[in-house]
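Notes to accompany the following structure.
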Amino acid sequence: MGEHTVSSFDEELEHIDRLIRDMGDLSGAMTRASTNALLESDNALAQRVISDDTIMDAKQRELDERAITLIAKRQPMAQDLRSVVGAIRMASDLERIGDLAKNIAKRVGAVGQGATPRSLAHSIDAMASLVLQQVNGVVEHYVRRNPEALVHLRDEDEKIDIQYTSVFRELLTYMMEDPRNITSCTHLLFCAKNLERIGDHVTNIAENAYYVMTGSQLPVQRPKLDETQVTAEAGS
Amino acid sequence: MNMLTDAAVEETLQPLYKPAASKMTGKDVTVHYGEKQALFGVNLEVPEKQVMALIGPSGCGKSTFLRCLNRMNDTIDICRVGGSILLDGEDIYDPRIDVVELRARVGMVFQKPNPFPKSIYENVAYGPRIHGLAWKKSEFDEVVETSLQKAGLFNEVKDRLHEPGTGLSGGQQQRLCIARAIAVSPEVILMDEPCSALDPIATAKVEELIDELRQNYTIVIVTHSMQQAARVSQRTAMFHLGNLVEEGPTEKMFTNPDDKRTQDYITGRFG
């Protein structure tokens, strides 16, 4: 794409793009750090994730302000308009990822106190790796302007959902085995749910990024039945 | 759980605009000014009772095309028009066509407001008088009032209808010119940058008026303001170097145009 006749317009768009990339990198780092803190009961690391969230919030506010100012000043059209509106939406999804990572970090202390079955760490770790791969992937495809890869990435979210269902079942089993596990397992369940939600936000970002790049919307995804609901009903 | 059926999904994805019947059609329209060719075979359909915006950088041929639609180019000696332009299926360049009558059916509003140096009343009554559309004073009174009302000007000028039209503000003068154009009940109104000499408030009033007028008239507007084209039109045609580059629904043209030249022009990357 060529340059604008007004060069400061290009600089303003670039700045917004840079903020999205920064927020993307930060969301990946926060997701990684929060799950590491959870699996290793590392309270110091958890604290760092919690303080990183304020940076994330500040970046989102800056992006919003810059985007609103740009719309008012330049009245962007076509792909410029899509990229500004897309950036606002992606930033709000990235900010939510930051919140969810912070929430995982906040639970580190509570989980650490209980006698957590160590084998649990393994399935949450596997889920976290999947989620992390998605977060890093969406940022990379956005930076490289690769819409085709985003289509594939969106479909990958299903793996996280499957993994979440198996973590859910596993935690249920531990709680039934020994009621003393209930407190820590409940916290872990929330953590797993947070990871699954992060995956959903990645899906949103992928859809927005695809629209920014191509101008067309990805087809509506079939709503999937949440299997944990079936399990819950069957158990009651 | 909210399960969407296929039918419900299809329904929400229906296109926003249904295609309208075409009021005017340009077929392979070429224009030469002496040696210089200004239009290179333009094919364009103007849909009925919609607003079509013509956009493009200066010298791209959009005004030339607009002026072909009511044979305004006839007034330029060195201008030659080729191809054909149909109004309701009838070629307007047919020798049997009465140009005066044609221009009553296809009216025009220009860039700068150009009221006659006569009273407000006479400015509007002039067209119906020369076309013999009214005879009695009561008939003239009625056509003047309704035209001024349709142009959104009547309440501002009803107490000074016999004062000169040139004494009005720029925005009022432009609306007076629109009232003058609609006084002869045209079918199509051509507008060549009608707001470029107006302030934002007068511009907003004219745009509001354009939106109301499309209930009854087919409107073709040339504008240099992208925002204006996006606001007032249902379809947009992009011209460049005498060619029609792309034509389509306005919301698509301004969010996701197909042609790179359109993309570059509307985003401010050339021109």
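Each chain gets a letter, A, B and so on, in the order the sequences are listed, and its residues count up from 1. Side-chain atoms are counted along with the backbone in the values below, which use heavy atoms only and exclude waters and symmetry mates.
Partners of Arg18(A) according to the salt bridge (charged side-chain N to carboxylate O under 4.0 Å, His left out) rule, which considers only residues two or more places apart in sequence or in another chain, do not exist here. Asp22(A) meets the salt bridge (charged side-chain N to carboxylate O under 4.0 Å, His left out) test with Lys59(A); sequence neighbours excluded.
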Would Asp80(A) and Arg269(B) count as a side-chain contact (heavy atoms from CB on, under 4.5 Å) if you check the C-alpha gap in whole Å, the side-chain angles of each, and the deciding distance to 0.1 Å? CA-CA 11 Å; Asp80(A) 297 338; Arg269(B) 286 182 167 86; 3.1 Å; yes

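A 6.0 Å sphere centred on CZ of Phe110(B) holds more than 12 heavy atoms belonging to other residues, nucleotides or ligands. Environment of CD in Gln133(A): sparse, with no more than 12 heavy atoms of neighbouring residues, nucleotides or ligands closer than 6.0 Å. The number of heavy-atom neighbours closer than 6.0 Å to CZ of Arg231(B), taken from other residues, nucleotides and ligands shown, is above 12. For Lys252(B), the NZ atom is densely surrounded, since the number of other residues' heavy atoms within 6.0 Å is greater than 12.
Taken to the nearest 0.5 Å, the CD atom of Gln217(A) stands 10.0 Å off from the CG atom of Asn256(B). Rounded to the nearest 0.5 angstrom, Met77(A) CE and Met226(B) CE are separated by 7.0 Å.
Your options are Ala230(B), Gly268(B), Pro257(B), and the one with the most heavy-atom pairs under 4.5 Å with chain A is Gly268(B).
Distance alone, capped at 3.5 Å, places no donor-acceptor pair between the Gln75(A) side chain and the Gln227(B) backbone.
Thr255(B) approaches Arg82(A) most closely through the heavy-atom pair O-NH1, 2.6 Å. Contact between Ile266(B) and Ala78(A) at its shortest, heavy atoms only, is CD1-CB, 3.7 Å. In this structure, Thr267(B) and Gln79(A) approach most closely via the heavy-atom pair CG2-OE1, 3.4 Å.
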